[in-house]
Amino acid sequence: MKKKICTVSILLFITVAVTIEYLIGFNSYDTQKIISMGYLEYAKQLFWADGRIFSGLYICIGKILNIANPTNLYIFSVVLCIFLIIGNVVYLKRLLEKVSTKKINECLLYILSYVTIFNFTYADIMTFIEMPILQISIFMYMLSAKFAVIDKNKKKMLITLIFSIFMYQGTINVFYIMVVFLMLQKCRKLDKKNIKEIVKLYAYSVIPIFINFVYIKIYGMMFNATDRLSSLDLTSLISRITYSLNSMIRIISECIYTMPKYLYIFLIFTILIFLYVMTILKTKRATKDSSQYMQITYNTLILIGMSVLSCIPLIIVFQVPLLCWCGRLFWPIGAIWGLILTEVILNTNCLENKNLKLLVLSFLMIYMLILYPGMYKVVCINKEGNNVDKEICFEVKNKVDEYEKNTGKKIEKIKIYLEYKENGGLSEKYKNVKLAKSCILIGLPMTNLLDYYCDINQDKVEYTQEKIVDFENDLDFYFDENILYVYTAI
């Protein structure tokens, strides 16, 4: 019991250490929108209109608890999310115990579950205020897979899927990959019967998707709300798929900058090479488990293939911009390294051989030493985006204060002219902040930011299409009596 508590405590410590900058406070896209629209309107227009009922209800907690500053709700979300991550790790560990035919060290199962659950996609997931709902949806989709494969209870599976889909549609691929993973652990290989069963379970999952789709359309008609589904048309479908696939390839190769480029692919191939070498060695020695290693190699390839295929339906509906990672849509890709290593450990005798055990545990340790410092680095870079916004906003405020002090006139209006440049601009100035979640650098309105950082009332700020003079600098200013013109080139 002490070992279990110690292991879970260490994993909790790692999670807190990785996300510490978010715990201090992070001005996310959501906080800006909430400041602009208010809690209730944000829930209505972005969550309920998009079929994410529970995310909308969660945002309304901020209104009910009268949390005036959305950043406080964000910090609460991070704390809650951390505990939910550990909860998901504990649940996955129990699932592994259910499907394993041999006794595996509990601490090792916890660590395998941890690297599977808390993968590189969290560098993106934890920038959203609804992250606790995302965590619960991941748990619910795993639970659905368990009902489907282990309990063979389709009724419970469907009910759980319906709740899950109204939490977050973008993590339904957790259900798809976990169904295949659990089926492989239960049956050891996919024969025609098992493939038919998987296809049948996938077909059942269309029912909750359809219910969610109907809800979105009805809500849109009743409240005149737009949704992402309305933008789907056949003419743009091919270009949309191509665009999103390019983004997915970038996700796989760059892992949201948590690892050096292509390293994740190399780490996956390392396990495949290990299995291939073991298969050859066992075959040469004519041992009875040579076919076992060959089968596990096939299973590993199936899991890798399914992790990618399970994301494709989502990137058609949720178009993935090239400048945005959307890691929350790619959880199976982030989880695949943990899943295939688990496949190897559960189904081979590698832990019984001293040298093989050392090799496999070294794989695991090296992976963690690469991944989690990398995730912390990305968290810091995202936080740097806040610093960029804050610096630009205070530059505006300082200009206002200086002008009012020198002239005795009071600035009553701030008019912002925004220009996009192919080369140069503020993006060039802050090019070292390459992944920064800077609202200004990606073209979001500065209105809320000036209010948030500098207490400049939103009513004083507006965007203009009129370029009053030829500005020289990428961030430049022009005063006209009681009006300040701010030029921003990005």
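Note that the structure is a prediction, hence the values are computed from the model and not measured. Position 1 is the first residue of the sequence; numbering continues from there.
For the pair Gly338 and Val115, the tightest heavy-atom approach, listed with the atom from each and the gap, is CA-CG2, 4.0 Å. Pairing each heavy atom of Tyr58 with each of Ile129, the nearest pair is CE2-O, 3.3 Å. Considering every non-hydrogen atom in both Leu11 and Tyr114, the closest pair reads O-OH, 3.4 Å. Closest approach of Ile165 and Asn212 over heavy atoms only: O-ND2, 3.7 Å.
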If you apply the rule side-chain contact (heavy atoms from CB on, under 4.5 Å), what do you find for Phe175 with Met142, and how did you get there? CA-CA 6 Å; Phe175 171 74; Met142 287 194 295; over 6 Å; no

Mind running side-chain hydrogen bond (donor to acceptor under 3.5 Å, both in side chains) on Ser205 and Tyr176 for me, showing each step along the way? CA-CA 9 Å; Ser205 74; Tyr176 296 141; 3.1 Å; yes

side-chain contact (heavy atoms from CB on, under 4.5 Å), that's the test. Do Tyr141 and Thr160 meet it? Break it down for me. CA-CA 7 Å; Tyr141 284 124; Thr160 315; over 6 Å; no

Walk me through whether Met167 and Ser55 qualify under side-chain contact (heavy atoms from CB on, under 4.5 Å). CA-CA 6 Å; Met167 288 180 183; Ser55 292; 6.0 Å; no

Quick one: do Thr171 and Ser137 satisfy side-chain hydrogen bond (donor to acceptor under 3.5 Å, both in side chains)? Show the steps, please. CA-CA 7 Å; Thr171 46; Ser137 78; 2.8 Å; yes

Can Tyr122 and Gln135 be said to form a side-chain hydrogen bond (donor to acceptor under 3.5 Å, both in side chains), step by step? CA-CA 10 Å; Tyr122 280 80; Gln135 294 319 298; 2.7 Å; yes

With side-chain contact (heavy atoms from CB on, under 4.5 Å) as the test, would you mind laying out the steps for Thr258 and Tyr372 before giving the verdict? CA-CA 8 Å; Thr258 56; Tyr372 296 119; over 6 Å; no

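Checked against the 6.0 Å centroid criterion, the rings of Trp337 and Tyr264 do not qualify as a close aromatic pair. For Phe139 and Tyr91, the distance between ring centers is under 6.0 angstrom.
When the side chain to side chain contact (heavy atoms under 4.5 Å, CB included) test is applied to Tyr262, the partners found at least two apart in sequence or on another chain are Ser253, Ile265. With sequence neighbours excluded, the residues forming a salt bridge (Lys or Arg N to Asp or Glu O under 4.0 Å) with Glu481 are Lys409, listed by chain and number. Residues satisfying the salt bridge (Lys or Arg N to Asp or Glu O under 4.0 Å) test with Lys467, not counting sequence neighbours, are Glu419.
Of the possible polar contacts, one joining the Asp124 side chain to the Arg328 backbone as a donor-acceptor pair under 3.5 Å is found. A distance-only check finds a donor-acceptor pair linking the side chain of Lys413 to the backbone of Asp459 [under 3.5 Å]. A donor-acceptor distance shorter than 3.5 angstrom exists from the side chain of Asp476 to the backbone of Asn473, with no hydrogens or angles considered. When atom types are taken as modelled, the side chain of Asn386 and the backbone of Lys383 share no donor-acceptor pair closer than 3.5 angstrom. Distance alone, capped at 3.5 Å, is enough to place a donor-acceptor pair between the Tyr215 side chain and the Trp48 backbone. For the pair Lys146 (side chain) and Val179 (backbone), a donor-acceptor distance under 3.5 Å is absent. Side chain of Glu412 to main chain of Ile483: no donor-acceptor pair is present (N/O by atom type, distance under 3.5 Å, no hydrogens or angles). A distance-only check finds no donor-acceptor pair linking the side chain of Gln169 to the backbone of Arg52 [under 3.5 Å].
Taking the six-membered ring where the residue is Trp, Tyr417 and Tyr487 present parallel rings, their angle staying beneath 30° rather than reaching 60°. Below 30°, between 30° and 60°, or above 60°: for Phe54 and Phe163 the angle between ring planes is between 30° and 60°, a tilted geometry. Using cut-offs of 30° and 60° for the angle between ring planes, the Tyr42 and Phe47 rings count as perpendicular. Between Tyr74 and Phe26, the two ring planes are tilted [angle within 30° to 60°].
Evaluated for a side-chain contact (heavy atoms from CB on, under 4.5 Å) with Val18, the options Val16, Ile14, Thr15 yield exactly one hit, Ile14.
Using a 4.0 Å cut-off between charged side-chain N and carboxylate O, Glu41 and Lys44 make a salt bridge. One finds a salt bridge joining Asp401 and Lys397 here, because a Lys/Arg side-chain nitrogen approaches an Asp/Glu carboxylate oxygen to under 4.0 Å.
With no hydrogens or angles considered, no side-chain donor-acceptor pair links Asn398 and Glu395 at under 3.5 Å.
Figure legend: Lys390 and Tyr453 shown without cation-pi pairing, the cationic atom not lying both under 6.0 angstrom from the six-membered ring centre and within 45 degrees of its axis.
Within the 4.5 Å cutoff, the side chain of Lys415 has no heavy atoms near those of the Leu484 side chain.
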